[in-house]
Asks: 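Just dropping this structure here.
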Amino acid sequence: MSLQIGIVGLPNVGKSTLFSAITKKAVDCANFPFCTIDPNVGVVEVPDERLAKLAAVSKSGRIVPTTIEFVDIAGLVRGASQGQGLGNAFLSHIRECDAIAQVLRAFSDPDVIHVDGDIDPIRDAETIGLELALADLTVAEKRRESLGRQLKAGKTRDLEIESAALERVIEVLGRGEQLRNHAWNPDEQRLLRSLSFLTMKPMLYVVNVSETQLQDGSWKALTSQLATSPANALVPVCVKMEAELASMDATEKTEYLASVGQEASGLDRLIVEAYRALGLITFLTSGEMETRAWTVVEGTKAPQAAGVIHTDFEKTFIRVEVTDWKDFVEYGGDAKCREKGLVRIEGKDYVIQDGDTCYFRVGA
């Protein structure tokens, strides 16, 4: 499945530098507002230490990790929803994303200007949050008009549910609040999904910190008010350090992280949080040809997981043979796991778990 994360933020907070570090793709990071005119798109592998271990056991010809697509979107400013700065052009790019990674600047550097003059990540988050809410409000009000005409032509249960939900949406957005911070029942979510509300998408607050702030945790005091909902996540990232890590090999990277007291890079943490925010898990397949990671939504049943590999597999699904990846590695593969009774035979109602190593049996 294709997963897309939009990187947004005020000008000069480190968005393009972060994007460059993520994708190792050169983008213009000039020190002036709006240097990013068109959205830059890059695909990055999702780090997963399980793949190499499985591949070593299976003597796989190749390793295929799952991927995330990152979109670097030009800086928003106060009034963007009304056309300020480069206006609404970027909001359409955000609507196509599954989640939003909002970069907030917590580091101080007199050589890098801030569009509002000083460092205040809470204010910056409120500025962008308000612009996204106002943009959503415009969409909601337009939909209310067209929905009104539909209701006059004839009422249906779905139209009535959507109408009531839209009134609540407009009330929430009118207060400048984010839709993701409010509860919506399954019917409301289904009917509102087509409107692609920006403030309904999961939000990852990427706090761009200095190396000192990363080590002493002082950034937390600047951003504690932001993690107020399960749909919001805070991820501290020293973007300057990530840019250096991007040019290192695996050994150098591990040694460097250890020297600054970090177990994982900020980018790896960002990807993990993106999966959590979107409710995604990974199952695995491993054989002589390849070892591969596959992404599905948490709660996916076996036939639908098989369909991710090939659409025909969902229709012809018979059963799935499941081994925990740790057992697969510890006992040297599928054959030994079968001898020890560690391979489970599951049917169409089985819910795939993160780390399942699967072999799907399908019909002709």
Asks: Would the distance check show the side chain of Thr254 and the main-chain N or O of Ala250 forming a donor-acceptor pair, the cut-off being under 3.5 Å?
Replies: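 Answer holds: yes.
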Asks: With rounding to the nearest 0.5 Å, note down the distance linking OG1 in Thr295 to CG in Leu278.
Replies: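 It comes to 10.5 Å.
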Asks: When you check the gap from the basic side-chain N to the acidic O, do Asp354 and Arg50 get nearer than 4.0 Å?
Replies: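 Yes, this pair counts.
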Asks: Donor-acceptor check, side chain of Arg361 to backbone of Phe317, threshold 3.5 angstrom: yes or no?
Replies: no
Asks: Is the cationic atom of Arg105 (NZ for Lys, CZ for Arg) positioned less than 6.0 Å from the six-membered ring centroid of Phe107 and within 45 degrees of its normal?
Replies: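 So Arg105 does make the cation-pi contact.
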Asks: Do the charged groups of Lys59 and Glu288 touch, with an N to O distance under 4.0 Å?
Replies: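 No.
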Asks: Show your reasoning for whether salt bridge (Lys or Arg N to Asp or Glu O under 4.0 Å) applies to Glu211 and Lys240.
Replies: CA-CA 8 Å; Glu211 191 171 307; Lys240 182 179 179 181; over 6 Å; no
Asks: Strictly below 4.0 Å, N to O, side chains only: are Asp327 and Arg344 in salt-bridge contact?
Replies: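 No salt bridge links Asp327 with Arg344.
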Asks: Considering non-hydrogen atoms only, spot the tightest contact between Val237 and Val206 and give its length.
Replies: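 Minimum heavy-atom separation between Val237 and Val206: CG2-CG1, 3.7 Å.
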Asks: Kindly indicate, with the supporting measurements, whether the criterion side-chain contact (heavy atoms from CB on, under 4.5 Å) is fulfilled by Val41 and Phe70.
Replies: CA-CA 6 Å; Val41 180; Phe70 283 91; over 6 Å; no
Asks: Restricting to non-hydrogen atoms, name the atom on Asp98 and the atom on Pro202 that form the minimum distance, rounded to 0.1 Å.
Replies: O-CD, 3.5 Å
Asks: For the pair Asp158 and Arg190, find out whether any cationic side-chain nitrogen is under 4.0 Å from an anionic carboxylate oxygen.
Replies: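 Looking at Arg190 together with Asp158, the answer is yes, because their closest N to O distance falls below 4.0 Å.
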Asks: One thing to verify: whether Glu162 and Arg143 come together as a salt bridge, which I'm taking to mean a side-chain N less than 4.0 angstrom from a carboxylate O.
Replies: yes
Asks: Decide yes or no on side-chain hydrogen bond (donor to acceptor under 3.5 Å, both in side chains) for Thr285 and Trp294, but give the supporting numbers first.
Replies: CA-CA 8 Å; Thr285 55; Trp294 306 87; 3.0 Å; yes
Asks: Under 4.0 Å between a Lys/Arg side-chain N and an Asp/Glu carboxylate O for Glu273 and Arg276?
Replies: yes
Asks: Under a 3.5 Å distance rule, please check whether Thr316 uses its side chain to pair with a backbone N or O of Asp312 as donor and acceptor.
Replies: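 Side chain of Thr316 to backbone of Asp312, a donor-acceptor pair under 3.5 Å: yes, one is there.
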Asks: Nearest heavy-atom pair of Leu54 and Ser286: which atoms, and what distance?
Replies: O-OG, 3.5 Å
Asks: Indicate yes or no: does Lys253 engage Asp249 in a salt bridge with an N to O separation below 4.0 Å.
Replies: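 No, no charged N to carboxylate O under 4.0 Å.
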Asks: Is Arg175 atom CZ crowded by more than 12 heavy atoms from other residues, nucleotides or ligands, each under 6.0 Å away?
Replies: yes
